[in-house]
Amino acid sequence: MTVERLSPTLSVIVHVRGGERRLAECLASLGAQTLPAIEVILTGRPPAVPLPDERFTVVAADAGDAGAARNLGVARARGRYLAFADGDAAVPPDAFERLVRTLEATGSDLACGQTAGVDTAPGDRLGTHVTREPALLRDGTATGKVFRRAFWDEHRLAFPEGLGEDFPVTVRALVLARSVDVLGDVALPAGGRRERAAAPRRLAALLELAAFIGERAPGLREHWDALVTADPALGAVLDRAHEGPGALAGLVPGLARLHPAAVRGLPALRRLQLHLAVRGMAEELAALHRFAETELRHRGVVRRGPPWRRRWYVDYPLRRDRRLPRHLFDAEQDLLLVAGVDDVRHAGGRLTVAGHAYISHLASRGSRIELWLQRGRRRIGLPLRRVARPDVTADSRQSAVCHDDSGFVTEIDPAALPHGRWALHARVTARGVTREGRVPGGRHAGERVFAAGGVTVTLTRDGGLTLQPGDPAGPPDPGGDRVTEVRWGAGHELLLSGVGESGADRIVLRSGLREHSWPMRWTGTRWTAAIGRTEDGLPLRSGTWRVLAGGEPVRLSPELVADLPAAHTTPVHEISIRTTRAAELRLVVRPALGPDERGPYATRRRRARRRRGRLRNAALFDSYGGGQYSCNPRAISEELARRRPDMELIWVTRDGQFTVPPGVRTVLYGSREHEEALHTSRFVVANRRTQPGWYRKRPGQRFVQCWHGTPLKRLGRDVAGMPYAQRFPEEEWRRHVVMWDALISPNPFSTPILCRAFGYTGEVLETGYPRNDALFRPERREQARRRLGIPEGRRAILYAPTWRDDELAGSGPVAPPLDVGRLAAALGDGDVVLLRPHYLVADRMTAPRGVRDVSRFPDMADLLAAADLLITDYSSAMFDFACTGRPMVFFTPDLERYRDEVRGFYFDFEAEAPGPILRATDEVVEVLKHGDFTAYKARYEEFAAKFCPWDDGRASARVVDWMLA
């Protein structure tokens, strides 16, 4: 279609980062805008979708710098008005026309729609200003607004480069504008997921704006500083302030000028951190940091002062330090109402509501709970019955006080409810403190909507429980398959019966990137399905699972939504039936730990117990915190089974995701059985620091720490100062390390590094790695290749990248650094490409077509035994695989960043790697097709001599010799 090119009224700048899933939808929505004279400028990465018409132009720019890209787009814009859109969100067709027409009518400098997810006052306000509408400060997004171009240029507005945030320009515009129009019914999307700037940079921008607002609109300073103190960036910076002046570089002056009222609204810990940081009290700040990491959840509040004005104070370090004002420890902002509706069901004509309510830091025994339904100022009091809820204490993430008495049950007669929308509220009074508010949905309650006696019952996480006369309002029934009956089989199978017309042959459970399916059996329009063990013969892993049939959600019948089946407990899991507002079925799976087995309160009680009884002839094994039957613990366990068949072998499982040989027992991590095994087994063997916080080694026990790899990348104490390093409290390090009786070293290179990185001074077993014994046994290679289905004569190529510390910060999918799909296609049928992601990111990485996903294969040692060639990057797999003498390729496109910024190395990797170091997928293809690995023969031999001198297939025997000596 040809569109007449007009002098544009509005220029819309769209920053394209790459990877937008809804870019085509966004561009189509912009092309369909009812405002006729519009131009759209795409900046950043060239779009991978066609442009709708000639009104759309592309300006190449750095896709990673949103600020610079948008500024370039503004420079090219010709319109009298400017707007910004996100490439992952569609814009309503009349949105920009309404905003522009309003500006033309009022002469204001800026028009704002109602941005999704931002709570501002409803309704239209024309010709207003942020000084009269301080709530506008909460919406810092540039999307959803239209700026007058003359105003933009007059004040030289520009997005800060390298920050990737909108608020510096948006908030300035709100303050500088002579007037602002707000259209409350113009709904605009907030845009797709956008990474926030690093905390110090973001906080610096927030404080810079605070100074600007203090000069131009001082009346807003308290409002803005309240937003600054509530921003996660402040907490992130203060949590690292103990690391030295560099952590607060340039921020102290701005922090010192924060409005006192905003600071008073902070919790006590943040007030203390801020006070110490601003005054340069480094030693005290470090002590407070150690306390926050190890003791905060175990400390409560104390009541101090004369009887006529006694107040609650947090029981934190430095409380008696006369240099610090007492108000820093005031607990007013820490004593919060914590409440939740955990269940609501309709039976016998009445609604039964179960929940909990308490005041944080104050024990629930002796507290008073009041419940009522509220509509406006009108209240309907509800009778209640107090019930024991030890699970609330277990889930409270603290150990100082008990909330077992916080439970309540109330009944409501829906037929007697007056007309209107009623919400559940609660008031709790404990130890002279009263808190009240709306009761949200409980953390594990799910979301539901159902009819009950002429009333619509709605339960949501944020909105809590609401009751409104009338039938549930919403979209028409979408159809699909519905569940009408739920039962549990003798083998813990979930037996579903239902009706529908999809005719789907499989029912599918999906959690993130994980997916499993089971057959559906149909008789006419009725169907049944049994959800049991997965295709691997394992139970479902913990998590929330969507239930699908034919690609569409399976829903519960209205009767089941109104009266959900009770949770079911298996030997490993507790499985709960949950639903959504659209009645979609969810299964919530979590470890079957009772309230006395989970949480800090249970941990504290376990620490207080004295353990009696003699040590037994047993060995307890823990691989990766109970995640696998693998690695060095497996090799030692199997050697012990051969040598000492009379010894009981026990394995810790966190989620039931592995099987063990006959005669070996498993215990659930954190359970009473785990506790008993830890306290009575003569041997404890582990490959990480994963023992529960309540464990203390008993006299006579022998603890073998195997660890799990030769270190190329820095670990333990040696990663201090790396920006993405995982923090592990020094006290926790010492607590773990002091229990080790022996540390296994794989080679002479590793011994001093492991001892220094862990602060370990005990005995080192320089035996080589037991897990590598498998690489010297031809039968293990043959068994693994059979299990993998690798035909005779085909080359098995294993790609095993390690994890990146900065990947753990997100929750979305992680792409393999190497394009393994293209690699497999280029190599053809003569090779089998196996993808083994690191276990820390395996749930977020999928194998493309033509590549075999072996992330759930039980033991990496068997994969290395089966492989003919290894592709890796910085993984310790390279040191193990060197035992085989088979070729290796190193794909390291991010070598400098990983080495210098993310993790750091212990040796010159580029000089010593026993194979080609490559940076492009095409280079890997070329090497695998035509490469001559004999060129690396001498370097390979040197590498193996340095890192594998003790590996000979007998390491397990040497470790067991030491254990039994």
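Everything quoted here is computed from the prediction, not taken from an experiment. Residue numbers run from 1 in the order of the sequence given. Any value given below was found using the heavy atoms of this structure, including those in side chains, with hydrogens, waters and symmetry copies removed.
- Salt-bridge formation is not detected for the pair R787/D862: no Lys NZ or Arg NE/NH1/NH2 atom is positioned less than 4.0 Å from an Asp or Glu carboxylate oxygen.
- The aromatic rings of H568 and W488 lie parallel to each other, with less than 30° between the two planes, well short of the 60° mark.
- A heavy-atom distance below 4.5 Å is not found between the side chains of V589 and S511.
- Taking each heavy atom of G656 and L538 in turn, the nearest pair found is O-CD2, 3.9 Å.
- Contact check for L564 versus R345: side-chain heavy atoms found under the 4.5 Å cut-off.
- At a threshold of 4.5 Å between non-hydrogen side-chain atoms, the residues L467 and L351 count as touching.
- Note: T143 OG1 to D88 CG = 12.0 Å, rounded to the nearest 0.5 Å.
- When all heavy atoms of L560 and V483 are compared, the closest pair comes out as CD1-O, 3.4 Å.
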Handout entry: Worked verdict on D536 versus Q657 for side-chain contact (heavy atoms from CB on, under 4.5 Å)
Key = CA-CA 9 Å; D536 300 316; Q657 295 303 296; over 6 Å; no
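- A heavy-atom distance below 4.5 Å is not found between the side chains of R385 and E411.
- The closest side-chain heavy-atom distance from P591 to Y669 is not below 4.5 Å.
- In summary, the side chains of R654 and S542 do not present any donor paired with an acceptor at a separation below 3.5 Å, with no hydrogens or angles considered.
- The side-chain heavy atoms of V457 and R448, taken from C-beta on, include no pair separated by under 4.5 Å.
- Atoms CG and CZ, on L384 and F408 in that order, are 7.5 Å from each other to the nearest 0.5 Å.
- Atom CD of Q374 is surrounded by more than 12 heavy atoms from other residues, nucleotides or ligands within 6.0 Å.
- Proximity of P440 to R461: side-chain heavy atoms (C-beta onward) are separated by under 4.5 Å at one or more points.
- Annotation: ring-ring contact (aromatic ring centres under 6.0 Å, His included) contacts involving residues 494-521, sequence neighbours excluded, comprise H516-W545.
- Here salt bridge (Lys or Arg N to Asp or Glu O under 4.0 Å) pairs that include residues 506-525, with residues two or more places apart or in two chains, are R510-E515, R514-D843.
- Under the side chain to side chain donor-acceptor pair (under 3.5 Å) criterion, the residue pairs touching residues 846-855 are D853-S855, with sequence neighbours excluded.
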Problem - Stepwise side-chain contact (heavy atoms from CB on, under 4.5 Å) test for L417 and L373 - result: CA-CA 10 Å; L417 197 65; L373 294 173; 3.7 Å; yes
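- With respect to the salt-bridge test (charged N to carboxylate O, under 4.0 angstrom), the residues R438 and D462 do not qualify.
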Practice task
Would you sort out whether D481 and I507 count as a side-chain contact (heavy atoms from CB on, under 4.5 Å), showing the intermediate values?
Solution key: CA-CA 10 Å; D481 296 327; I507 196 163; over 6 Å; no
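- Proximity of a side-chain donor or acceptor of T456 to a complementary backbone N or O of G470 within less than 3.5 Å is detected.
- Environment of CZ in R421: sparse, with no more than 12 heavy atoms of neighbouring residues, nucleotides or ligands closer than 6.0 Å.
- No donor-acceptor pair closer than 3.5 Å links the side chain of R546 to the backbone N or O of P553.
- Taking the six-membered ring for Trp and thresholds of 30 and 60 degrees, W527 and W522 have ring planes inclined between 30 and 60 degrees apart.
- For the atom pair CE (M520) and CG (L496), the distance works out to 8.5 Å, reported to the nearest 0.5 Å.
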Return a table of donor-acceptor pairs under 3.5 angstrom between the side chains of residues 23-32 and protein atoms on other chains or two or more places apart.
unit_1: E25; atom_1: OE1; unit_2: R22; atom_2: NE; d: 3.0
unit_1: E25; atom_1: OE1; unit_2: R22; atom_2: NH2; d: 3.4
unit_1: E25; atom_1: OE2; unit_2: R22; atom_2: NH2; d: 2.7
unit_1: S29; atom_1: OG; unit_2: C26; atom_2: O; d: 2.6
unit_1: S29; atom_1: OG; unit_2: V91; atom_2: N; d: 3.0

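- Here the straight-line distance linking atom OG1 of T460 with atom CD of E447 works out to 5.0 Å at 0.5 Å rounding.
- Taking each heavy atom of A426 and V439 in turn, the nearest pair found is CB-CG2, 3.5 Å.
- Residues satisfying the salt bridge (Lys or Arg N to Asp or Glu O under 4.0 Å) criterion with R836, sequence neighbours excluded, are absent altogether.
- Checking side-chain atoms of Y799 against main-chain N and O of L818 turns up a donor-acceptor pair under 3.5 Å.
- The minimum heavy-atom distance linking L459 with L465 is given by the pair CD1-N, 4.0 Å.
- The shortest non-hydrogen separation linking A582 to R555 is O-NE, 3.1 Å.
- Looking at heavy atoms from C-beta onward, I575 lies out of side-chain contact with H492 at the 4.5 angstrom threshold.
- Pairing each heavy atom of A452 with each of P414, the nearest pair is O-CB, 3.4 Å.
- A donor-acceptor contact shorter than 3.5 Å links the side chain of E597 to the backbone of G594.
- Of the charged side-chain nitrogens involved, at least one lies within less than 4.0 Å of a carboxylate oxygen, so that R598 and D395 count as a salt-bridged pair.
- Checking side-chain atoms of T410 against main-chain N and O of P383 turns up a donor-acceptor pair under 3.5 Å.
- Applying the salt bridge (Lys or Arg N to Asp or Glu O under 4.0 Å) rule to E574 yields the partners R590; only residues at least two apart in sequence or on another chain are considered.
- The CG atom of L556 sits 7.5 Å away from the CD1 atom of I577 when rounded to the nearest 0.5 Å.
- We find the CD-CZ distance between Q468 and R375 to be 9.0 Å, quoted to the nearest 0.5 Å.
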Practice task
Under the side-chain contact (heavy atoms from CB on, under 4.5 Å) rule, what do L424 and L382 come out as? Steps first, then yes or no, please.
Solution key: CA-CA 10 Å; L424 184 68; L382 298 174; 3.7 Å; yes
